[in-house]
Amino acid sequence: MCIRDRHELAAINARLAPERLRVREVAADGHCLYRSVADQLGDGSDFAELRRTCADYMASHRDDFVAFVALDADDPDAAFDDHVRKIRDTAEWGGQPELLALARALRRPIRVHARDAPLLEMGAEFDGAPLVVAYHRHYYALGEHYNSTEAADS
């Protein structure tokens with residue numbers, strides 16, 4: 001881990017400390033967003049199941065998402081359909097639109113902690129303990145990555 005990565009991890013853990021949480025690493029394989037949310041659910045959900053849930057929700061709520069995932073495309077509908085297919089069938093990296101879709105589909109708040117950004121919460125209108133994940137802009141040489149969180153004393 002390079003110094004920049006260690007500093008980012010330390011900064012995110014410092015942001016999590018008031019909630020008595022720390023970063024819990026998940027595999028950096030393109031499924032990290034979905035692995036992190038599955039870990040937070042703690043109910044045996046797996047990343048592939050959450051990918052399908054996300055894809056299904058986005059497909060059935062096209063108007064809520066098409067502008068965010070296919071805005072610059074020549075054919076936004078085709079680009080959106082391809083995006084949803086990639087969510088379902090590949091290790092395509094997920095981001096904020098996918099987190100929003102998962103928060104809505106699961107009817108659970110999802111909170112995202114990052115080093116250089118304010119706390120982001122999606123699904124605040126839903127009851128239940130929030131699912132808390134960490135967003136890393138510089139994760140090893142991989143670039144962007146999501147991790148789960150866990151109790152700091154575990």
Side-chain angles (χ1 to χ4, degrees), residues 5 8-9 11-13 15-16 18-19 21-150:
D5 302 331
E8 182 176 41
L9 180 60
I12 293 170
N13 276 324
R15 287 187 156 206
L16 290 166
E19 296 183 48
L21 296 172
R22 68 177 176 210
V23 169
R24 175 183 166 102
E25 291 191 28
V26 302
D29 60 359
H31 304 293
C32 60
L33 178 149
Y34 306 96
R35 287 184 187 281
S36 296
V37 173
D39 184 68
Q40 286 293 294
L41 288 170
D43 64 359
S45 297
D46 71 354
F47 73 87
E49 177 183 346
L50 287 176
R51 279 187 166 280
R52 287 187 299 275
T53 298
C54 181
D56 291 348
Y57 187 89
M58 289 179 82
S60 66
H61 295 84
R62 174 183 295 267
D63 290 345
D64 292 345
F65 296 98
V66 71
F68 297 101
V69 300
L71 182 62
D72 296 330
D74 290 336
D75 183 349
D77 286 330
F80 180 80
D81 292 342
D82 186 54
H83 183 80
V84 170
R85 181 198 58 76
K86 287 177 181 175
I87 292 169
R88 187 183 318 278
D89 299 332
T90 74
E92 182 83 5
W93 190 85
Q96 189 170 343
E98 291 77 21
L99 282 167
L100 178 59
L102 285 170
R104 290 178 177 174
L106 299 170
R107 302 187 59 75
R108 291 282 299 273
I110 298 178
R111 299 175 73 188
V112 183
H113 287 268
R115 176 185 184 167
D116 297 321
L119 176 66
L120 177 64
E121 186 167 5
M122 288 159 280
E125 67 273 21
F126 301 118
D127 294 329
L131 308 175
V132 182
V133 300
Y135 168 75
H136 304 259
R137 185 162 174 79
H138 306 285
Y139 192 75
Y140 297 104
L142 301 171
E144 297 172 292
H145 177 71
Y146 286 93
N147 271 318
S148 185
T149 62
E150 64 185 358

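Contact record, Gln40 with Pro130: OE1-O, 4.4 Å, taken as the closest heavy-atom pair. In plain terms, the two heavy atoms of Ala59 and Val84 that are nearest each other are CB-CG1, 4.1 Å. Contact record, Ser36 with Ser148: OG-N, 3.3 Å, taken as the closest heavy-atom pair.
Atoms CG and OH, on Leu100 and Tyr57 in that order, are 7.0 Å from each other to the nearest 0.5 Å. Distance CG/Leu131 to CG/Leu102: 9.0 Å, rounded to 0.5 Å. Atom-to-atom distance recorded for Arg111:CZ and Leu120:CG is 10.5 Å, nearest 0.5 angstrom.
Take Ala48 and apply the side-chain contact (heavy atoms from CB on, under 4.5 Å) test, not counting sequence neighbours, and it matches Asp46, Arg52. When the side-chain hydrogen bond (donor to acceptor under 3.5 Å, both in side chains) test is applied to Tyr146, no partner is found at least two apart in sequence or on another chain. Remark: Phe65 engages no residue in a ring pair (Phe, Tyr, Trp, His ring centres under 6.0 Å) (not counting sequence neighbours). For Asp56, the side-chain contact (heavy atoms from CB on, under 4.5 Å) test picks out Arg88, with sequence neighbours left out. Asp127 meets the side-chain contact (heavy atoms from CB on, under 4.5 Å) test with no other residue; sequence neighbours excluded. Taking Arg85 as the reference, Asp82 meet the side-chain hydrogen bond (donor to acceptor under 3.5 Å, both in side chains) condition, with sequence neighbours excluded. Scored by the side-chain contact (heavy atoms from CB on, under 4.5 Å) test, Asn13 finds Leu9, Leu16, Arg22, Val23 as partners (sequence neighbours excluded). The salt bridge (charged side-chain N to carboxylate O under 4.0 Å, His left out) test applied to Arg35 returns Asp29, not counting sequence neighbours. Under the side-chain hydrogen bond (donor to acceptor under 3.5 Å, both in side chains) criterion, Asp81 pairs with Arg62, not counting sequence neighbours. Applying the side-chain hydrogen bond (donor to acceptor under 3.5 Å, both in side chains) criterion to Asp43, with sequence neighbours excluded, gives Ser45. The ring pair (Phe, Tyr, Trp, His ring centres under 6.0 Å) check on Phe80 picks up nothing, with sequence neighbours excluded.
Residues Arg137 and Asp116 fail the side-chain proximity criterion, which asks for heavy atoms closer than 4.5 Å. Side-chain contact check for Tyr34 versus Thr53: every heavy-atom pair is 4.5 Å or farther apart. Put simply, the side chain of Leu106 reaches to within 4.5 Å of the side chain of Val37, judged on heavy atoms.
Distance alone, capped at 3.5 Å, places no donor-acceptor pair between the Arg108 side chain and the Phe126 backbone.
The side chain to side chain donor-acceptor pair (under 3.5 Å) test with Tyr135 is passed by exactly one of His113, His145, Glu144: Glu144. Checking Asn147, Thr149, Asp39 one by one against Arg24, the side chain to side chain donor-acceptor pair (under 3.5 Å) holds for a single residue, Asp39.
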Q: Given side chain to side chain contact (heavy atoms under 4.5 Å, CB included), test Val132 with Glu19 step by step and report yes or no.
A: CA-CA 10 Å; Val132 182; Glu19 296 183 48; 4.3 Å; yes

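The side-chain hydrogen bond (donor to acceptor under 3.5 Å, both in side chains) contacts involving residues 92-106 comprise Asp64-Arg104, His83-Glu98, where partners must be two or more places apart or lie in separate chains.
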